[in-house]
Structure formats: structure tokens, C-alpha cells
Amino acid sequence: MRTKILIILIFIIAVVIKLEAAENASGPAGTWEASDRVAIQIDSAAPQIAVSPELYGFFFEEINHAGDGGLYAELVENRDFESSTIPEGWRLEGENLFTPRGCRTSVWFDNELPSWSLTTSGSAAGMVQLDTTSPLNECNPHSLRLTVTNPGQRCGIANDGYWGMNFESGESYNLSFYARTENDAKCDLTVYLESSSGDNVYAEAEIAGVGGPWKKYSRSLTVDGSDPHGRLVISLSKPGTIWLDVVSLFPAKTFKGRPNGMRQDLAQLLADIKPGFLRFPGGCIVEGITLHNRIRWKDSIGDISQRHGDFDLWGYYNTYGLGYHEYLQLAEDIGAVAMYVFNVGISCQVGRRQPNEVASMEDLDFYVQEALDAIEYAIGPVTSKWGAQRAANGHPEPFKLKYVEIGNENRGPDYQQRYKVFYDAIKQRFPEIITIADTRLTDMPMEIVDDHYYSSPSRFFRMADHYDDTDRGGPKIYVGEYAVNNNVGRGNLLGALSEAVFMLNMESNSDIIVMCSYAPLFENVNARNWSVNLILLDSSRGVGRSSYQVQKLFALNRPDVVLKTHVLSPEVEFATPGNSTRRNQVRQLYALAGLDKTANEIIIKAVNPTPSPVNAGVTIKGLAIAGNKAKVITLGNSDITAENSLDNPNIIVPVESELSGVGEEFSCTFKPNSLTILRLPATVN
Ligand code: AHR
């Protein structure tokens, strides 16, 4: 009898254990039921943590043609005819180029006049050549020489921009160029804005009497047709030879109407987030593939004809048109403070860019001065040397440069030794500037340190508690680069939701995490250098991926303080889509609450990464809820691998609704594969 009872008991226990295990282990694809054990418990009486107003910002780097052929509104590619210049001392071997120290990269052009071609019709004949006789100035040693022997119907040069020029019907475009002829010969030029085949001409203008020594010519053209793949043609009406340089075409409408400005649609995507800061100009390009190849900010200011661009280590020519002044201006125009990252006398230390170059300690003064001059340009008085330059370039008021980062992704003893020299020099001369170390250093003064994470969804889910136990006695933290770019194709909702989980952790640790920025920011879809990027673009369109929507929701729903939030949530097994062998545990729900003291609202952010709805009980202690309705913003999709694209930009966009019956205790169902924002009116004081 006793044995029988024992067997029955064991059987009952086994069934209970099995049921428990089944509940915990059922995968997203299975018949998985929402658990009523999920709860969000908010205690507003517990100590609150202030959130930095600059928590969410942007990281900009000239990668994927983010600037040239992207945000920077210039339509002409290779406008200065310098893009086939091989830097001094570099060696060309077949398709490979070697830096003076033997570091290998590939040749980024296939002819000496990239983006330009001779265009002829009828019996026309002529030729184009790259020329170095009588250059425009020292910065622009190369120009284009056009010789027309028979003008025929039309003989000229064509430029099709960065994968096509975008023309919008009724809009105006500002053309400018420098030209010269020999012996004071005068030519009549005709300029056309037209389709790539030349069959449709949208605007045409005569520029008569061009010639003599180098001189600048300008014209505004209004197009009568729309075309995202247009081109510019400049033709010569009679036989003759003409030299051209710095041929530039801008839409008359740029963001905030700035000359030499940004594309309106793309800059607006940045402004829409109300970013706290803008970090620039990188990234690895700060370091360069050689020391000379670092971003030389002094070469990137002033009139565009006086700028000298350089090879960009992401594999193309950087015009420096989007230069130091433009970055500072852009930060101001999108309402962000500026963060400038500078080179510390060390070229890029990434493996494939080895052997890298390191300036000796004796030569370091030059780089220190370069950094100090940059800060003076941004915030120095107009009576200072570089402050006066800023004023001459149109901005007498100081810019809001608040942060500088001492190097990018440097490490090892070389960095340790050099960091302190920069830190001391900056703090002595500009104590108000806040410095950022690009890695953790031992026995060094560090105000903020920059952490970078590029990884898979499972790693980001595992980072749900990442900063909880971080030493509070150390420097503050800026998570300067992060993105899920592994196991998510070119980026998808799964990546975005796992980033959101990590962002909840950063926000909840706001006492040490002061800023963070997703990276990289832009990708021209014709020139992808990096696997996953935040905003996709081509000549006429720009779209934020689902990660952009997550960034936007977090930034626009950033609380003033974080409230103590306890989430009860069982874990479930999660299989990476397309990779069923990789299984990880995820929680059914991740959540964090905060307070918007201006709007008098409690903000709850919650991520449900599972394919089933999750019903959670929410309790709020210590605050009275005003009314019984909450605003609900949901970002999600039934397919966790879904993504926005240029052709389908609205697959994953926030949807607003209302939840009734909210109070100090209520329940809410969080949609499958979603980030949800709840805003509840509260009586704060
Ligand atoms: O964001 C792309 C690159 O990743 C950055 O240039 C570099 O800082 C990091 O390694």
C-alpha cells in the first residue's frame, strides 16, 4: 500500500515538473500561452535616478557614403577632380595600394576621371583629360580639360552624381564652377539638367563669354520634371579648349537653408528624434589608415574650392565638403550639442590596417595643438585666431561643443601614454569641455569612457542587466557605438527589439550611463561598407530601419527620472530565426518605468520579444494616476524578421492607441514582437 502511494506521489510530482518545464521551454514558434505570472511592479517612492537629457544622440561617420552621396546635399560626384589622387608615398601594385608602412588597401577608382564622361551627339567629337597645368589653387592641383574639335549637335562633359542626381519638378538648383581658357579665348557654354540618357532635358541655360584666367561662374536652374537618376551636362558650342574645376550643383533648398548644406529629408530624420548630441567625424576615419590620412579638420573648413579632401579608409574619396564647420552647424540645426572626436597621433589600430603609424612623444605637440585649435574654432572668442575663422565662416557665436573624445578605439601602451598629454592640455586650456576616453585606462583621470558593442540578438538580450553591477566609483559611461548586426540580415525587427532590451538597461542605469549612440548612422544602399546601418538612403529617398524607430521612441519618451521597476517574467526558449541550432533564453517581458515631470506622466517602456501576446499585471506604488486612460504606442510586426526598406518604408512604424481602465493596478496585453510605450497621466506633486 505504502509503495503504491509513493508511486502515485512520484507520478504527480513528475507531471507537475513536466508541466512547469513545458511552460518555460516552449519556443516562440510553438503553442505558447501568455503567462499570468508576468508583472511590472513600479515603486515611485523608492530612490529615483535622474536621466541625462543627452542620453540619446547620434554617431556620424563618413562610411557607406553617409556624407558624400548621402546627407551632404552636393549632387556632383568628384566635383574637384581630385578623387583619383593617390596619396604621396603610397605604392600601387595591380589593384592594391600600399601605404608607406606597407598597409594594404584597394584602389577606389577605375579611371582618372571617376563620374565624368565625354558626351557627344551627332557628328560631335572631342576629348576630356585630367590636367595639372595651371591649377586653380594648391588645394586643387587637378582640373578637367575639355577639348571640342567638332561641336556637332552637342559636345560636352556629363556627371551623373552619386548613383544619379535627384531633380524635383519646380525646384531650383544652384550650379557653380571655375573655368579658364588660354590666350583669353572666350567660349559659350550650355548647361543641362537632364535624364541619364539625355532624352529629357529638365532645365537648360547658356553661359556666354566664359574664359580668361580662373574665374567662378554661377547659375540657378529650375527643373520642369522629376527624376531621381538625372545628370548634369556642360557643353561647348564651338571648337575650343576649356579647363573646369570645382563643379558644384546643390538643391537651392537645403536643411535650414544652409549654403553648402545638408539634404532636407535626411537631416529632418535626425532632427525628428530630438537628439541630445551629435558625435563626429567618426569612427575609424578619425584615425586614418596613415597618420596623414586622419581627418585633418583644418583642411575641411572655408570655401569649398580651398578644401583638400582625402581617401576615406572605407574605400572612397571624401571631399571634406561636409567639414568641421558643417558638423558643428548641423549639431546646432538639429538641436544637439556637439561631440568632436580627434586623432591622438595614432593611425587605425584595427588588424587589417596594420602596421599602423604612431607619432613619437616628441612629435605629439602638433596633434595636441590641432585638437586645441579645433576646440578654439568651436567655442573660442572671435578675438582668438580660430574663433575669428569661425566668425569669418559665418558663425560669430560659439557653437555648442560640449564633449571631445580623445581618440577612437585606440588601445595599448601607446594610447595610455598619449591620452594623458591630451587630457591635461584640454583640461588646462578649456576646463569646461568634458573629455571622453576611448577605452578604459588604468591610473588615469577619466571623466567618461566610451564602450562599443556590435553583436547578435542573443548577446543583446543577455545584456538586459549588463550595467547593473558596474562599479559606481569609476568614470561615467558613453556607449558610443552599438548595434545588433549579426544574425539579423541587413537589420530587422529582432535586432531592433534586442537593442531595445539593452537600451532599457542603459536607461535604468542612468546614474552612470550618460550618453549612447547607435552606429553607423547612414547607408547609401549603393555603397554599403558595413553590414547593418540605421538609416537607408539613395539619391531621393531616406528611411529609418526598425532600429531607427526604436531610437526615436526611446528618445521622444526619455523620462526625467527612472522609477524603480521590478519585472516578474518567466523565460522562454528563443531560436534565432534561420538558425534553429542556436537557442537561447529570453524573458517574456522586459520593462522600465520613468517619469516625465513636464508632462506629468509615467512612461512605461516594455519589450515583448516573443511571438505571443503577453498579459502583465502592472502595479504602481507611491503615485496617484490621474484619470483612467493611457496613451499606447506600439512598434511591432507579426514577423520578427520584417524590416523597413526604401520601397516599403512603413512596415515597422509606431501605431498609437488608447488603453482604458488604468490606475494604480491594471493589466495590459503586450503585442507579440513589440516595443510598447505606455504614457499614463499621474499626479506627480
Ligand atoms: O561604426 C563603424 C566602425 O566601427 C567605426 O568606424 C569604428 O569606430 C568601429 O570599429
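Just so you know, ligand 1 is whichever comes first in the structure, and atom 1 is the first atom listed for that ligand. Here, residue 1 is the first one in the sequence, and each next residue gets the next number. Basis for what follows: all heavy atoms, side chains included, without hydrogens, waters or symmetry-related copies.
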Atom indices of ligand 1 within 4.0 angstrom of [X] heavy atoms, with elements:
{"X": "Cys284", "result": "5 (C), 6 (O), 7 (C), 8 (O)"}
{"X": "Asn408", "result": "8 (O)"}
{"X": "Glu409", "result": "7 (C), 8 (O), 9 (C), 10 (O)"}

Subject >> N-O pairing of Glu93 and Arg91 below 4.0 Å >> reply: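 Counted as a salt bridge, because a side-chain N and a carboxylate O are separated by less than 4.0 Å.
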Original post:
Is there a side-chain contact between Phe311 and Tyr317 (heavy atoms, below 4.5 Å)?
Top reply: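 Not in contact.
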**OP:** May I ask you to decide if the ring planes of Tyr518 and Tyr482 are parallel, tilted or perpendicular, using 30° and 60° as cut-offs?
**Re:**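 Geometry flag for Tyr482 against Tyr518: perpendicular rings.
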Original post:
How are the rings of Phe280 and Tyr340 set to each other: parallel, tilted or perpendicular (split at 30° and 60°)?
Top reply: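 Tilted: the ring planes of Phe280 and Tyr340 meet at 30° to 60°.
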**OP:** Would you tell me which option among Glu481, Glu62, Glu61 has the nearest heavy-atom contact to atom 6 (O) of ligand 1?
**Re:**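 Considering heavy atoms of Glu481, Glu62, Glu61, the nearest to atom 6 (O) of ligand 1 sits in Glu61.
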Subject >> Option whose closest heavy atom lies nearest to atom 1 (O) of ligand 1, chosen from Tyr482, Trp530, Tyr454 >> reply: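 Selected option, by shortest heavy-atom distance: Tyr454.
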Original post:
Applying a 4.0 Å heavy-atom criterion (strictly less than), which segment of Trp314 is in contact with ligand 1: side chain, backbone, both, or neither?
Top reply: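 Side chain only.
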Subject >> Any residue meeting ring-ring contact (aromatic ring centres under 6.0 Å, His included) with Phe430, in chain and number order, not counting sequence neighbours >> reply: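 Expected list: none.
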Original post:
Of all the heavy atoms in Gly282, does at least one lie under 4.0 Å from an atom in ligand 1?
Top reply: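 Contact check Gly282 vs ligand 1: negative.
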**OP:** Can you spot which of Glu499, Glu643, Glu523 makes a salt bridge (Lys or Arg N to Asp or Glu O under 4.0 Å) with Arg545?
**Re:**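 Checked Glu499, Glu643, Glu523 against Arg545; only one passes salt bridge (Lys or Arg N to Asp or Glu O under 4.0 Å): Glu643.
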